[in-house]
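Basis for what follows: all heavy atoms, side chains included, without hydrogens, waters or symmetry-related copies. Indexing begins at 1, ligand by ligand and atom by atom, following the structure's order.
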Amino acid sequence: MTDSFTPNTRGDSTPNTESNTAITAPHRGETIPVTFIPSEKGKIHIKEQKGVFQRLRTSINSLLIIAFFVIPFIQYQGRQAILMDLESQQFIFFSTTLWPQDFTLMAWVFIIAAFLLFLVTLFWGRVWCGYLCPQTSWSFMFIWVEKQIEGNSNKRHALDRAPWSLNKLLKRSSKHFLWGVIALLTGCGFIAYFVPATTLYSEILTLSASFWITAWVWFFALCTYLNAGWMREQMCLHCCPYSRFQSAMFDSNTLTVTYHAKRGESRGPRKRKQATQLGDCVDCNLCVDVCPTGIDIRNGLQYECINCGACVDACNKTMEKFGYQPSLISYTSENELNNITAKRLTSYKFIGYSLAVLIMLGVFAFDVYRKADIQLNVIRDRQSLYREVGDNRIENSYTLKIRNKTQQDKRYLIYIDGERGHFINKAIDVEVRINAGEQLSYPVTVYQQRQTTAANNLHKVAIQFKVMNLANPADSVSQQTQFFTLR
Ligand code: SF4
Ligand code: SF4
């Protein structure tokens with residue numbers, strides 16, 4: 001760090017366009033010339049930054065990436081603990097197995113997650129984007145690889161501008177090769193949530209995976225390579241819908257990365273320890289150089305800001321070097337900026353979102369409690385409503401589709417519940433065994449003795465089939481249907 005600061009620029013055509021020509025120190029009316037160094041069009045090479053928030057972001061991102069790859073290898077009761085098995089249409093989550101019929105439970109999980117995100121956004125702005133979003137995590141991982149091969153941001157800019165040479169070719173091909181490897185691993189990692197991980201990796205390694213599995217792995221690898229390697233902040237700026245409606249969740253208590261303009265202006269370069277009438281912003285432009293979306297936070301809150309805190313760390317370093325108080329840029333709410341005490345826990349939005357989340361959690365818990373491990377579908381014979389057979393009997397036929405929704409083989413009792421005395425079931429009180437996750441189609445014919453043959457009026461009577469787990473009688477399910485007869 002030199003003693004005097006000259007405003008610099010990343011040297012590209014990023015949204016911070018004013019940096020590429022000249023910076024006008026707004027309250028001084030002084031125009032500071034800036035050298036414009038052309039780079040690859042639209043390319044952002046962020047300056048590396050250390051600090052509390054960058055350490056926090058890197059740690060969280062690393063943990064999430066590790067978890068992403070490791071989770072599919074966790075086993076529970078001899079099976080993959082978390083697996084969305086498309087082939088058998090089951091979502092396995094440890095001891096719970098969800099079937100397409102349990103779709104509402106999955107829907108609740110996503111709706112609750114969305115409202116929790118709203119709640120977090122209300123408190124801390126777009127921390128999801130800055131610290132948890134896979135797009136951010138993978139982009140930073142790709143940037144890290146780029147830095148290892150091509151050097152720091154200045155060297156990367158220089159390499160962009162340099163004519164093609166063997167050195168450039170080697171560096172670029174190594175970078176893209178490593179990006180490709182990470183992207184391919186990510187494709188495998190993602191598909192491992194849908195196809196058992198051990199099978200998937202062994203099939204991929206032995207080149208024996210099916211066409212569709214291979215195609216999906218390559219598809220997600222390509223998406224990763226393009227998103228994290230090439231698109232990066234463009235995804236956040238132009239494709240992500242969340243950035244567009246996030247402001248609807250904000251209120252004046254929301255913590256967002258904010259430049260304290262009253263303290264910082266008038267901005268301007270100076271020497272260290274130099275007495276000056278200027279504000280605390282020394283116009284070093286570091287906050288712009290480290291910004292992954294290429295914005296200047298000094299222009300106020302912008303939808304491009306992902307709340308990553310890189311500019312907070314960068315500015316704090318500058319403040320420290322100049323002997324100024326830290327937090328010229330900080331996580332601050334609009335109320336705190338105006339010296340109004342923030343009321344985060346009593347705002348209408350917080351109460352509203354919290355109530356919505358609590359109610360949904362209650363409904364979800366109730367649904368989980370009611371969820372049966374047996375599924376029963378009673379299907380009436382479509383050929384005829386009833387049949388008249390000998391001995392004045394009326395007969396109805398059904399097919400019971402019984403699914404064992406657990407991961408263990410079970411024995412069940414099938415019977416007619418309630419007023420079973422009216423019916424004679426050819427297959428009453430039958431015990432059946434159904435293997436884990438399998439469905440049994442069980443035909444049942446029920447008949448009733450006709451009391452009189454004088455009239456031929458069609459009547460329907462309710463009949464209830466019940467299936468009970470013999471090992472746990474509380475685990476039972478029933479379904480009512482109709483029995484058609486003549487009277
Ligand atoms: S302005 Fe600051 S917090 Fe926002 S994206 Fe840029 S570096 Fe991150
Ligand atoms: S806000 Fe801080 S980091 Fe940004 S230009 Fe001013 S002093 Fe430098």
Side-chain angles (χ1 to χ4, degrees), residues 1-2 4-10 14-16 18-19 23-28 32 34 44-54 56-58 61 124-133 135-136 139-140 143 153 232-237 240 242-243 246-247 250 254-272 276 278-332:
M1 177 75 69
T2 54
S4 82
F5 275 92
T6 306
N8 58 12
T9 177
R10 64 173 85 257
T14 63
N16 179 37
E18 67 271 29
S19 302
I23 294 174
T24 302
H27 299 283
R28 300 172 72 205
I32 304 157
V34 180
I44 293 177
H45 289 304
I46 54 170
K47 212 170 207 138
E48 300 68 37
Q49 184 54 50
K50 290 197 173 80
V52 176
F53 296 109
Q54 292 326 288
L56 183 65
R57 185 190 53 70
T58 311
N61 285 178
W124 292 291
R126 289 177 67 185
V127 282
W128 162 266
C129 303
Y131 292 84
L132 299 163
C133 177
Q135 175 69 22
T136 309
S139 292
F140 275 106
I143 290 169
S153 60
R232 291 186 188 166
E233 77 286 349
Q234 301 301 324
M235 290 297 290
C236 313
L237 301 184
C240 176
Y242 176 52
S243 64
Q246 49 150 341
S247 57
F250 283 13
T254 304
L255 286 172
T256 54
V257 170
T258 308
Y259 168 65
H260 297 248
K262 277 187 198 156
R263 183 185 146 193
E265 303 298 337
S266 302
R267 70 184 76 161
R270 75 217 51 181
K271 289 192 168 123
R272 277 194 250 191
T276 172
L278 295 170
D280 283 358
C281 174
V282 302
D283 219 359
C284 62
N285 220 46
L286 267 181
C287 50
V288 181
D289 291 336
V290 298
C291 178
T293 60
I295 59 168
D296 187 343
I297 195 64
R298 293 172 298 174
N299 294 335
L301 180 63
Q302 293 145 76
Y303 82 89
E304 295 95 334
C305 176
I306 58 169
N307 248 21
C308 69
C311 55
V312 178
D313 285 334
C315 192
N316 280 344
K317 283 271 179 311
T318 302
M319 293 296 103
E320 193 185 330
K321 276 174 184 145
F322 276 77
Y324 296 157
Q325 289 295 314
S327 306
L328 176 58
I329 301 175
S330 67
Y331 284 94
T332 311

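For the side-chain contact (heavy atoms from CB on, under 4.5 Å) criterion with T318, the lone passing option out of V282, D283, L328, D280 is V282.
Nearest protein neighbour of atom 6 (Fe) of ligand 2, counting heavy atoms only, is C281 SG, 2.3 Å. Scanning the protein for heavy atoms near atom 8 (Fe) of ligand 2, the closest one is C284 SG, 2.2 Å. The protein heavy-atom contact nearest to atom 7 (S) of ligand 2 is V282 N, 3.5 Å.
Contacts with ligand 2 closer than 4.0 Å are made by no heavy atom of R267, backbone or side chain.
Of all protein atoms, those of element N, O or S that lie under 2.8 Å from atom 2 (Fe) of ligand 1 number 1.
Annotation: Q325, atom CD; neighbour count of heavy atoms from other residues, nucleotides and ligands within 6.0 Å does not exceed 12. Annotation for Q302: atom CD counts as buried by contact number, over 12 foreign heavy atoms lying within 6.0 Å.
The pair R57-D313 does not count as a salt bridge, with every side-chain nitrogen at least 4.0 angstrom from each carboxylate oxygen.
Of all atoms in ligand 2, numbered sequentially from 1 with element shown, those under 4.0 Å from a heavy atom of N285 are 5 (S), 8 (Fe). Every atom of ligand 2 is numbered from 1 in the order shown, and the set under 4.0 Å from a heavy atom of M319 is 7 (S). Taking a cut-off of under 4.0 Å to the non-hydrogen atoms of P292, the atoms of ligand 1 that pass are 7 (S).
In this structure F140 satisfies the ring-ring contact (aromatic ring centres under 6.0 Å, His included) test with no other residue, sequence neighbours excluded.
Distance check: D296 CG to N285 CG gives 6.5 Å after rounding to the nearest 0.5 Å.
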Would C305 and I295 count as a side chain to side chain contact (heavy atoms under 4.5 Å, CB included) if you check the C-alpha gap in whole Å, the side-chain angles of each, and the deciding distance to 0.1 Å? CA-CA 7 Å; C305 176; I295 59 168; 3.7 Å; yes
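Taking the six-membered ring for Trp and the full ring otherwise, F53 and Y331 have centroids separated by under 6.0 Å.
Among the atoms of C315, no N, O or S atom falls under 2.8 Å of atom 8 (Fe) of ligand 2.
Side-chain contact, S330 with T332: a donor N or O sits under 3.5 Å from an acceptor N or O.
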